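Please read all numbers here as calculations on a predicted model, not as lab measurements.
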Amino acid sequence: MSFHQSLRSLVIAATVAVATVGGARADEISVTQWGTSLYGAPYAVAMADGLFKKAGVDITSIIGSGGGGTTVRNLLASDTPYGEVAIAAALAAQRQGLDVIIVNAGTRSVAEASLVTMPASPIKSLKDLEGKKVAITSPKGVSEMLLLMALKEQGVDASKVERVASGGYVNGLTMLEQGAVAAAVLIEPLSIIRADKYRTVISYGKVLPPMATSVGITTSAFAKANPAKLKAIIAGRAAGVDALYADPAKAATIIAKDFKLEPDIAKIAVNNMIGPRMWSRGQFSIAELDRTVDGLKLIGEVTTDVDWSKLLEPAYLPADLQVVK
């Protein structure tokens with residue numbers, strides 16, 4: 001499942017054949033949902049532009065992975081245990097007693113996600129959903145979390161909106177078309193590809209403030225033993241983010257090729273993420289981290305506040321990004 005199906009599922013790792021410049025043995029790390037979500041875009045750009053090599057590592061390919069807790073465990077057991085994961089996955093690993101530290105911020109917007117209805121539907125706002133059914137992908141997943149956060153933000157009683165688990169975005173759209181639900185969750189680029197079939201009720205990025213949606217993790221043991229390699233991976237990704245913002249058109253061309261998207265679709269998808277500044281260069285924002293924790297509390301994934309001082313290790317970021325905001 002993708003990040004938008006379950007926060008536990010997102011693991012975007014800079015994972016690949018990674019070798020230090022100078023010829024050290026290459027390592028492999030897995031990447032969840034490579035080619036289906038824009039969360040991995042900085043890696044595609046950094047590889048294509050040779051930015052990892054400039055930073056001191058050679059990342060030549062990315063291997064997809066199924067995600068979830070198993071992916072996190074596999075990642076942490078690998079020779080190069082660096083990965084970009086959902087906050088929920090990082091927190092779950094920490095609760096399980098795994099040697100996990102968070103070394104960079106990843107993405108910081110939910111602009112990819114939306115809620116749609118049929119063109120002729122009377123549903124015009126979230127308030128209109130009271131007494132109605134809405135298709136989410138799965139219980140306690142991110143699609144339910146974002147819906148609950150948006151309902152709360154707009155003062156709608158969530159207890160009056162029935163959530164129906166569809167098992168996936170396309171399944172939810174089928175339910176919508178058949179009249180089984182009044183609205184369904186959707187994500188880019190699927191929402192772009194099918195833009196003429198549905199009407200957007202709400203784009204979550206327009207009602208919810210910036211919030212951390214992924215973070216880079218590793219083990220403290222790896223970080224202490226391989227600080228230069230870890231810094232190079234993080235710096236290469238940051239350079240990929242800079243290049244993406246500097247030339248979105250070029251980035252879209254790269255992403256279209258790597259993610260097997262139509263060029264026009266890739267261009268729209270990338271441009272839609274530029275405004276909300278979806279990709280963080282890596283600097284931590286406590287406010288953005290805490291907003292996601294607040295959402296996790298709504299679905300019962302987290303029950304208490306998080307002491308980020310015990311988890312964040314900004315020292316491996318580029319010098320200009322090490323101050324925690």
Side-chain angles (χ1 to χ4, degrees), residues 1-12 30-40 64-73 84-93 95-96 107 109-117 126 129 132-152 156 158-191 194 198 200-205 208 211-215 291-303:
M1 291 186 296
S2 71
F3 166 77
H4 293 277
Q5 291 171 307
S6 168
L7 274 172
R8 289 181 182 273
S9 299
L10 176 64
V11 179
I12 303 169
S30 60
V31 177
T32 288
Q33 299 300 325
W34 172 255
T36 63
S37 169
L38 290 179
Y39 289 88
S65 171
T70 299
T71 306
V72 175
R73 288 191 292 272
E84 191 174 307
V85 306
I87 290 177
L91 295 179
R95 288 195 300 270
Q96 293 165 14
T107 48
S109 174
V110 293
E112 274 192 319
S114 61
L115 190 72
V116 300
T117 190
L126 293 185
L129 294 175
K132 304 292 193 304
K133 295 180 180 180
V134 175
I136 58 172
T137 58
S138 61
K140 302 183 76 172
V142 72
S143 66
E144 182 176 30
M145 184 190 83
L146 295 181
L147 174 61
L148 293 178
M149 292 182 78
L151 292 173
K152 182 178 180 181
V156 180
S159 68
K160 296 181 180 179
V161 180
E162 183 177 352
R163 281 93 68 191
V164 181
S166 67
Y169 293 102
V170 175
N171 296 346
L173 296 176
T174 299
M175 295 174 67
L176 176 63
E177 292 171 5
Q178 294 176 346
V181 295
V185 296
L186 199 51
I187 184 178
E188 291 188 4
L190 187 60
S191 57
R194 301 193 179 194
Y198 311 105
T200 300
V201 178
I202 191 168
S203 296
Y204 290 121
L208 297 176
M211 52 190 286
T213 47
S214 66
V215 289
R291 286 183 192 125
T292 299
V293 170
D294 289 341
L296 293 173
K297 289 178 182 178
L298 291 177
I299 57 175
E301 281 294 303
V302 173
T303 57

Quick one: salt bridge (charged side-chain N to carboxylate O under 4.0 Å, His left out) pairs with a partner in residues 158-173, sequence neighbours left out? Glu144-Arg163

Reported CD1-to-CG distance for the pair Ile136 and Leu147, which is rounded to 0.5 angstrom: 7.5 Å

Of the options Val116, Leu146, Thr137, which is the one that meets Val185 in a side-chain contact (heavy atoms from CB on, under 4.5 Å)? Thr137

How far apart are the closest heavy atoms of Ala180 and Lys133, and which atoms are they? O-CD, 3.8 Å

Which heavy atom in Ser214 sits nearest to a heavy atom in Glu84, and how many Å separate them? OG-OE2, 2.9 Å

Tell me, with the steps shown, if Val110 and Val142 meet side-chain contact (heavy atoms from CB on, under 4.5 Å). CA-CA 10 Å; Val110 293; Val142 72; over 6 Å; no

Spacing of Leu148 atom CG and Leu296 atom CG [to the nearest 0.5 Å]: 11.5 Å

Nearest 0.5 Å please: distance from the CD1 atom of Ile187 over to the OH atom of Tyr169. 4.5 Å

Please enumerate all residues that pass side chain to side chain donor-acceptor pair (under 3.5 Å) together with Thr117, with sequence neighbours excluded. Ser121

Closest heavy-atom pair, Ala184 versus Gly172, reported as atoms and distance to 0.1 Å, is CB-O, 3.7 Å

Is any side-chain heavy atom of Val181 closer than 4.5 Å to a side-chain heavy atom of Leu176? yes

Within this structure, what is the CD-CG distance for the pair Gln96 and Leu91, rounded to the nearest 0.5 Å? 11.0 Å

Minimal heavy-atom distance between Met175 and Ser166, with the atoms involved, is SD-CB, 3.6 Å

Could you check if a side-chain atom of Val161 sits within less than 4.5 angstrom of a side-chain atom of Leu151, using non-hydrogen atoms only? yes

Rounded to the nearest 0.5 Å, what's the gap from CG on Asn171 to OG on Ser138? Could you check? 11.5 Å

Partners passing side chain to side chain contact (heavy atoms under 4.5 Å, CB included) against Lys297 (at least two apart in sequence or in another chain): Val293, Asp294, Val302, Asp305

What is the distance from atom CG of Leu115 to atom OH of Tyr198, rounded to the nearest 0.5 Å? 13.0 Å

Nearest heavy-atom pair of Ser109 and Thr213: which atoms, and what distance? O-CG2, 3.7 Å

Does the Thr292 side chain pair with the main chain of Met211, one donor and one acceptor, at a distance under 3.5 Å? no

Of all heavy-atom pairs between Ala90 and Val215, which one has the smallest distance, and what is that distance? CB-CG2, 4.2 Å

Would the distance check show the side chain of Glu112 and the main-chain N or O of Leu38 forming a donor-acceptor pair, the cut-off being under 3.5 Å? yes

